[in-house]
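Just below is one structure, and these are the notes that go with it.
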Amino acid sequence: MSQVPDDTREGLFDAYVDGLLSESAHREFERRLERDVNLRDELALQGQLNEHLRTLFAPPDAERIVARFPIRSTSGAGATAWNKHFANVSKGRRFAWAAVLVVVVGGGWLLREWIEPPPLWDQYKLHTLVEVYQHEIDTGLNPLWVCKNDHEFAGTFWRKVRQPLVMDEAPEHLQAIGLSYVHALSPDTTYLLARVRSRPVLVFVDRVEVDTHPEIEGGDLNLFRRQVDQLILYELTPLDEPHVLKLFRKPDVTIQWLEDAPLPTVTPAVGP
Amino acid sequence: MLQSGKNLGTAADASERGGDRAAFAEQFKASFRTFWYLAVAIVRDHALAEDIVQEAAIVALKKLDQFQPGTSFKAWMSTMVRYVALNHARKEQRRRAQPLDEQQPARATAADAQSLRVTPGGAMHINRDLYDERIVKALDAVSDTARACLLLRTLEDMKYGEIADLLGIPEGTAMSHVHRTRQMLRQKLSDLAPAGTSSKRAEA
């Protein structure tokens, strides 16, 4: 139900700004505007405020957000496109397709007996650090973001964990691949994917207050911990000593610099 | 309940396409500004609001099968955005409520101590312009809902009934939020009035 504007000065003013006055009330208000300089000023001020609001809260490009949607999915576009395609083919061809499907699905089932596929990955579900490591091994170390420079790198950590980090130049045997995030210590746990002497290594970063002091028992992996100001870093590695932790440091930069940081490149995600 | 109409994507559009991601992206883009204003009204930080909207979209994509045909995609997605944003704001509030000594790192180095002090997501770092800062400061004093009402009405030209539906509040409340917030801004920024005018109101 529409609200009827009240007939006080402020009520009429807002109704005018909102375009809610009747035609006659609108004409009357404009006549009043001609006579009343204070009212005119107030209207001009409102217009200026609106302009400032427009600049202050200018939305970013929607395309940029859409480009960051994850591609990995268990349903959706693929299935829909498949269904639409299937609806258009003839009965005979459907039978042929069905036969192919039986072979493919049956073959797939047999294959599954030999190779157990990794479980469906849900980055928003709570995972242990070892689970994340295993997932990355299964999917071939596939980062969500690749940073071109320190600015993007520091800005990404700023946005996720509210403190910037940069990495000193890596020695030759260390290759930094990219960044991702996962629900591990918190929903914002951000991690670096790297290879050290060709072995996969992950460094998890989160705020100290969410640190759960995770431990790993047995297995071939080692966990090393380091704190950098308000951040806690865990290096999960098959090697006997940490190689990446010591490269991280907090840069001496301004908040404005961080807020101006360009977004990193989003990689096309793959995997289950 | 929101009805389908101009600028309002409906569930039918998305569900007919069976949760197709391309259709989702299309609907998302059509109403993106609304999602953005809702997020930034709550978290008050541009970069964070962007992350919130993205995260809400990912949650929505995962829950696409729960989308009810015949309902508004915009309203459904807005609920996700508000949920994710409020969740984040609550977490941030709890974190800031911790005693300072609990927030200090146990083994902070001297180098760490020299480094940047950051303001958690509560502060708006949108524009350094003086007036803009004053507007931001003034808006800090009103509720999330009032900020959302103002932004949706002023910048998205949304009708009060639509705002009310989106935020789950009475239409009169939406209108009252907008009017009061506008009035408060005019009082606090009266010296912003165009030069040469006669009414310079005292700052409240």
Side-chain angles (χ1 to χ4, degrees), chain A residues 1-3 10-11 14 17-18 37-38 40-42 44-46 48-50 52-57 59-60 62-66 68-70 73 75-77 79-81 83 122 124 155 158-160 162-164 207-209 227-230 249-256 258-259 261, chain B residues 17-22 25 28-29 32-33 36-37 40 46-48 50-51 53-54 57-59 61 64 95 98 103 105-108 112 114-116 118-121 125-128 131-132 135-136 151 154-155 160-161 171-172 175 179 182-183 185-186 189-190 192-194 197-199:
Chain A
M1 193 176 75
S2 289
Q3 297 287 311
E10 287 300 335
D14 281 311
V17 171
D18 286 333
V37 68
N38 285 344
R40 245 187 354 253
D41 288 352
E42 196 162 356
L45 174 61
Q46 187 58 57
Q48 288 212 349
L49 283 168
N50 290 352
H52 276 267
L53 287 173
R54 217 172 291 285
T55 313
L56 268 170
F57 296 98
E63 293 286 355
R64 195 169 71 179
I65 310 273
V66 170
R68 288 157 71 192
F69 286 174
S73 167
S75 62
T80 310
N83 290 342
D122 183 348
Y124 297 99
W158 163 254
R159 278 189 288 274
K160 291 307 292 179
R162 308 311 288 169
Q163 184 190 300
R207 296 195 61 83
V208 283
E209 60 265 28
Q227 189 167 330
V228 179
D229 194 54
Q230 296 292 315
R249 65 181 166 82
K250 188 174 171 184
D252 187 12
V253 294
T254 64
I255 291 175
Q256 189 59 53
L258 291 168
E259 288 183 351
Chain B
R17 287 174 243 203
D20 187 298
R21 279 175 179 239
F28 176 86
K29 281 188 276 185
F32 171 71
R33 290 169 62 91
W36 161 257
Y37 294 133
V40 82
H46 266 207
L48 204 52
E50 197 169 322
D51 278 353
V53 174
Q54 186 198 3
I58 293 169
V59 172
L61 272 167
L64 214 49
R95 198 177 71 72
Q98 276 186 308
Q103 292 188 33
R107 288 177 289 150
D112 289 336
Q114 290 175 3
S115 49
L116 169 82
V118 298
T119 310
H125 303 293
I126 295 166
N127 193 308
R128 301 297 168 211
Y131 283 125
D132 286 348
I135 292 174
V136 164
L151 297 183
T154 310
L155 308 181
Y160 287 115
E171 188 175 335
M175 187 184 265
H179 293 182
R182 268 187 200 151
Q183 197 176 346
L185 284 175
R186 290 199 303 272
L189 290 122
S190 55
L192 183 60
T197 57
S198 55
S199 64

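Proteins come first, then strands; the chains are lettered A, B, ... in the order of their sequence lines, and each starts at number 1. As the structure is a prediction and not an experimental result, all values here were calculated from the model.
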Check your understanding: Where do B/Ser190 and A/Leu45 come nearest, in terms of heavy atoms and distance?
Key -> CA-CD2, 3.8 Å

Exercise for review: Quick one: closest heavy-atom pair of A/Pro60 and B/Phe32, and the distance?
Suggested key: O-CE2, 3.1 Å

Revision key, fill the gap. Okay, B/Leu151 and chain A: the region with an atom under 4.5 Å from a heavy atom over there is side chain

Check your understanding: Is the shortest heavy-atom distance from the side chain of A/Glu42 to the side chain of B/Arg186 under 4.5 Å?
Key -> yes

Review point. Under the side chain to side chain donor-acceptor pair (under 3.5 Å) test, which residues partner B/Gln183, sequence neighbours left out?
Key: none

Point to revise | With B/Arg182 via salt bridge (charged side-chain N to carboxylate O under 4.0 Å, His left out) - residues at least two apart | key: A/Asp14, A/Asp18

Exercise for review: Could you tell me how the ring of A/His52 sits relative to the ring of B/Tyr131: parallel (under 30°), tilted (30 to 60°) or perpendicular (over 60°)?
Suggested key: perpendicular

Check your understanding: What heavy-atom pair brings A/Asn50 and B/Thr154 nearest, and what distance separates the two atoms?
Key -> OD1-CG2, 3.3 Å

Review point. Among A/Arg159, A/Lys160, A/Arg40, A/Gln46, which residue forms the greatest number of heavy-atom pairs with chain B at distances under 4.5 Å?
Key: A/Gln46

Exercise for review: Calculate, to the nearest 0.5 Å, the distance between atoms CG and CG belonging to B/Asp132 and A/Leu56 respectively.
Suggested key: 4.0 Å

Exercise for review: State, to 0.1 Å, how close A/Phe57 and B/Tyr37 come at their nearest heavy-atom pair, and which atoms those are.
Suggested key: O-CE2, 3.4 Å

